[in-house]
Amino acid sequence: MNDDLQKRIQDAMANPQNMGELANADAIGTVGNSDCGEMLRMWVKFKQQDGRKVIDRATFQSFGCETAIAVASLATELIRGKTAEEALSLKTEELAGELGPLPPMKIHCAQLVEGALRSALSPQAETCAKPVEATKPTGNSSAPTLLDSFSKPKEGGVKITFLE
Ligand code: FES
């Protein structure tokens with residue numbers, strides 16, 4: 001990784017945005033990557049604005065590398081005010097925003113974020129990072145944390161599908 005990219009990642013990591021669970025989220029998406037053990041969950045809440053249903057707020061939790069966290073931080077800011085369709089139309093490199101082009105070995109970090117976003121907004125969509133679970137909240141105000149998902153599996157177990 002070049003020094004410029006490392007610096008931009010460090011800048012994003014110095015003040016990461018939108019980390020943590022989001023109570024009363026309208027959609028939740030989780031993906032995992034067995035190559036490096038990364039997991040990322042994204043919560044999305046919508047609002048009505050000018051007759052459109054747009055993303056009011058998105059947050060994330062991640063077990064993972066700095067690049068995935070930096071991309072998730074930027075992406076959750078980028079999708080604010082967009083409809084689900086507009087957010088889903090963003091390409092992996094667009095989600096990485098001001099980090100700029102990622103080296104080949106770091107592209108999957110951004111794909112992890114993209115996968116969580118697609119899992120949340122379009123659970124049936126094909127994604128690079130396969131969803132661990134596509135969860136629609138039940139109105140319960142205490143959404144589970146990413147760690148909760150693994151330490152307290154739901155009755156009947158949690159289906160985890162890893163990347164090839
Ligand atoms: Fe695997 Fe970043 S190194 S997600």
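All residue numbers refer to positions in the sequence shown, counting from 1.
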Does one side chain, of N18 or T76, offer a donor that lies under 3.5 Å from an acceptor on the other?
yes
Would you mind reporting whether M13 and I69 have side-chain heavy atoms less than 4.5 Å apart?
yes
Is there a donor-acceptor pair closer than 3.5 Å between any side-chain N or O of R57 and the backbone N or O of V44?
no
Rounded at 0.5 Å granularity, tell me how far NZ in K106 sits from NE2 in H108.
6.5 Å
Side chain D26, main chain F46, donor-acceptor under 3.5 Å
yes
Side-chain heavy atoms of L102 within contact of T67, under 4.5 Å
yes
Going by atom types only, do T92 and Q111 share a side-chain donor-acceptor pair under 3.5 Å?
no
Under a 4.0 Å N-O cut-off, is there an ion pair linking R52 with E86?
yes
Kindly check if the number of other-residue, nucleotide or ligand heavy atoms within 6.0 Å of CD (E98) is above 12?
no
Using only atom types and a distance under 3.5 Å, with no angle test, would you say the side chain of Q49 pairs donor to acceptor with the backbone of G81?
no
For I55 versus A87, what's the shortest heavy-atom pair and its separation?
CD1-CB, 3.8 Å
Just do the side-chain contact (heavy atoms from CB on, under 4.5 Å) check on V31 and M39 with the steps written out, would you?
CA-CA 6 Å; V31 291; M39 308 293 295; over 6 Å; no
Between L5 and P103, which heavy-atom pair has the shortest distance, and what is it?
CD2-CD, 3.2 Å
Gap separating the CG atom of L99 from the CD atom of Q6, nearest 0.5 angstrom
10.5 Å
Taking the side chain as everything from C-beta on, heavy atoms only, tell me whether F60 gets closer than 4.5 Å to M19.
yes
Side-chain touch N24/K45, heavy atoms, less than 4.5 angstrom:
yes
Applying the 4.5 Å side-chain criterion to the ILVMFWY set and letting contacts propagate, would V54 and L22 be lumped into a single cluster?
no
Where L40 and A72 come nearest, the two heavy atoms and their spacing
CD1-CB, 4.1 Å
Over all heavy atoms of both residues, which pair between L112 and A68 is shortest? Give the atoms and the distance, please.
CD2-CB, 4.4 Å
Could you tell me whether the side chain of N15 reaches within less than 4.5 Å of the side chain of Q17, counting heavy atoms only?
yes
State plainly whether the residues K7 and D3 are in salt-bridge range, i.e. N to O under 4.0 Å.
no
Could you tell me whether the side chain of L78 reaches within less than 4.5 Å of the side chain of L74, counting heavy atoms only?
no
Nearest heavy atoms of M42 and A120, plus distance in Å
O-CB, 4.2 Å
Exercise: identify the closest heavy-atom pair between C109 and C65:
SG-SG, 3.7 Å
Kindly indicate whether the side chain of K47, heavy atoms from C-beta on, has any atom under 4.5 Å from the side chain of K53.
no
If we only count heavy atoms from C-beta on, is the L90 to E114 side-chain gap below 4.5 Å?
no
